[in-house]
Amino acid sequence: MVNNPDVITRVAPAPTGYLHLGHVANALYVWRDARARNGRVLLRIEDHDRERCRPAFEDALLEDLAWLGFEADEPAVRQSDRGALYANVAAQLAQQGLLYGCTCTRRKVHEAWVQGSAEVRYVGACRNASHALSDGVGWRVRMPDDEVRFEDRWCGPQVQVPAQQCGDLLIRDRLGNWTYQFVATVDDHLQGITDVIRGRDLLDSTGRQILLGRLIGRPVPATFAHHALIMKSPTQKLSKSDRDTGIRDLRAAGWSRDQVLAEAGTLCGFSL
Ligand code: GLU
Ligand code: ZN
């Protein structure tokens, strides 16, 4: 029975490829946790990147999830239908003087990468350049220097300083695509997501999403729970191009729903 409006979580696949065992494992974590707390699960199609997403992948993701029996508690939401909402939030940031235009090429930004650091930090070259927020330039948010502390339900206490990790966040790229960090933060806020349950590859993104959430009007963040990634081998992540773990391919090879779920469960260490 779904009756606890205090717990709302989501699965948020990007239709840039087919569903694979890593997605199924994430779905198991999400539905198990939500059901154990009588919470709700929303399904969000993260198709913000118009260059990489394909409607055919979306159809396939939805069909595979339905075949596996994962049923969301509300109709799926698609980010490409939400442009007006994102533009509205961006306009509010601009009004507060928190947005600026950035003309740096990807190459220029990457040149600032410091050997040994986990990611590329934008050093703020355009912060005071007063480039108009127009098409053809990136839009960045001035990130405060704040240290962000949060307690991950599964990874424990975390301290992150987004200004040092990534610098000013890109929210819209030069081609007009909204970025993952922005739309995930906006949607988690507007959809009232109380619990974000996702893989550990996104743990480092959490501090910046909490900070950006504050800037767009969410003083109290969601609770976060990052689970171990399902690995193909001890050093290799699963990827959408690995045909051996694609649900389409397993189905074509004659696997049943229960076999796929059991395989994903084994990879998570669950007994189903
Ligand atoms: N769309 C992201 C992905 O497929 C998930 C983002 C999230 O859970 O915050 O990796
Ligand atoms: Zn720049």
Side-chain angles (χ1 to χ4, degrees), residues 8-27 29-30 33-34 41-49 52-53 57-58 61 64-65 76-80 82 99-112 120-134 136-143 152 166-174 177-189 191 193-210 212-213 221-227 229-230 237-240:
I8 305 175
T9 184
R10 72 334 186 254
V11 279
T16 53
Y18 292 111
L19 200 76
H20 60 65
L21 284 173
H23 293 108
V24 181
N26 172 254
Y29 278 107
V30 169
D33 195 66
V41 181
L42 308 188
L43 171 57
R44 185 161 82 214
I45 305 292
E46 298 217 316
D47 60 346
H48 51 90
D49 184 336
R52 293 177 57 223
C53 294
F57 288 137
E58 178 187 320
L61 288 177
D64 283 339
L65 284 172
V77 160
R78 189 180 298 111
Q79 288 179 326
S80 59
R82 293 165 69 79
L99 272 196
Y100 63 89
C102 167
T103 56
C104 299
T105 58
R106 184 182 280 259
R107 180 149 158 247
K108 175 161 182 214
V109 173
H110 280 247
E111 272 166 12
V120 177
R121 174 173 165 269
Y122 179 66
V123 293
C126 300
R127 241 190 179 203
N128 302 311
S130 307
H131 299 306
L133 291 170
S134 55
V137 303
W139 298 5
R140 290 190 185 270
V141 185
R142 294 176 201 280
M143 294 295 273
D152 188 282
C166 57
D168 291 341
L169 272 185
L170 189 70
I171 68 158
R172 187 177 186 262
D173 71 18
R174 291 146 63 91
N177 294 300
W178 301 105
T179 64
Y180 159 67
Q181 300 293 349
F182 182 61
V183 291
T185 304
V186 171
D187 286 341
D188 284 340
H189 174 40
Q191 294 190 291
I193 302 298
T194 63
D195 284 79
V196 172
I197 300 166
R198 61 187 177 191
R200 276 191 201 157
D201 53 339
L202 290 167
L203 185 56
D204 287 346
S205 288
T206 303
R208 69 200 65 167
Q209 292 179 7
I210 291 173
L212 182 57
T223 300
F224 290 85
H226 288 87
H227 56 75
L229 290 184
I230 302 308
K237 275 193 356 183
L238 289 183
S239 86
K240 286 173 178 150

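Because the structure is a prediction, the values reported are computed rather than measured. Counting convention: from 1, in listed order, for ligands and their atoms alike.
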For this session: Indicate yes or no: at least one non-hydrogen side-chain atom of Gln181 is less than 4.5 angstrom from one of Ser205.
Result: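 Gln181 reaches Ser205 side chain to side chain.
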Exercise. Quick check: does Cys102 put an N/O/S atom under 2.8 Å from the Zn ion (ligand 2)?
Worked result: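 So Cys102 does bind the Zn ion (ligand 2) by this criterion.
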Exercise. Looking at the Zn ion (ligand 2), is one of the N, O or S atoms of Thr103 less than 2.8 Å from it?
Worked result: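 Short answer: no, not a single N, O or S atom is under the cut-off.
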Ligand 1 atoms in contact with [X] (distance to a heavy atom under 4.0 Å):
X	value
Ala14	4 (O)
Glu46	1 (N), 2 (C), 5 (C), 6 (C)
Arg198	7 (C), 8 (O), 9 (O)
Tyr180	6 (C), 7 (C), 9 (O)

Problem set entry | Distance (rounded to the nearest 0.5 Å) between Tyr180 OH and Gln209 CD |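 With rounding to 0.5 Å, OH (Tyr180) is 4.0 Å from CD (Gln209).
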Exercise. Where do Gln191 and Arg10 land on the side chain to side chain donor-acceptor pair (under 3.5 Å) test, with the steps shown first?
Worked result: CA-CA 9 Å; Gln191 294 190 291; Arg10 72 334 186 254; over 6 Å; no
For this session: Determine, for Asp152 against Arg200, whether the closest basic-nitrogen to carboxylate-oxygen distance falls under 4.0 angstrom.
Result: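 Between Arg200 and Asp152 there is no salt bridge, as every charged N stays at least 4.0 Å from the carboxylate O atoms.
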For this session: Check Ile197, Leu43, Leu42 against Val11 for a side chain to side chain contact (heavy atoms under 4.5 Å, CB included) and give me the one that passes.
Result: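 Result: among Ile197, Leu43, Leu42, Leu43 is the only option passing the side chain to side chain contact (heavy atoms under 4.5 Å, CB included) with Val11.
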Exercise. Any idea how Phe224 and His226 line up, ring-wise: parallel (<30°), tilted (30 to 60°), or perpendicular (>60°)?
Worked result: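 Plane angle under 30°, so parallel.
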Exercise. Does the N or O separation between Ala12 and ligand 1 drop below 3.5 Å for any pair?
Worked result: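 Yes, Ala12 has an N/O under 3.5 Å of an N/O on ligand 1.
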Exercise. Any non-hydrogen atom of Arg10 lying under 4.0 Å from ligand 1?
Worked result: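 It does; at least one heavy atom falls under 4.0 Å.
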Exercise. What do we get for Leu202 next to ligand 1 when only non-hydrogen atoms under 4.0 Å count, side chain, backbone, both or neither?
Worked result: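 The side chain, only.
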For this session: Angle at the Zn ion (ligand 2): provide the value between SG of Cys126 and OH of Tyr122, rounding to 10 degrees.
Result: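 Vertex at the Zn ion (ligand 2): approximately 100°.
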Problem set entry | Heavy-atom closest contact (Gln79 atom, Asp47 atom, distance) |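 Reported closest heavy-atom pair: N-OD1, 3.1 Å.
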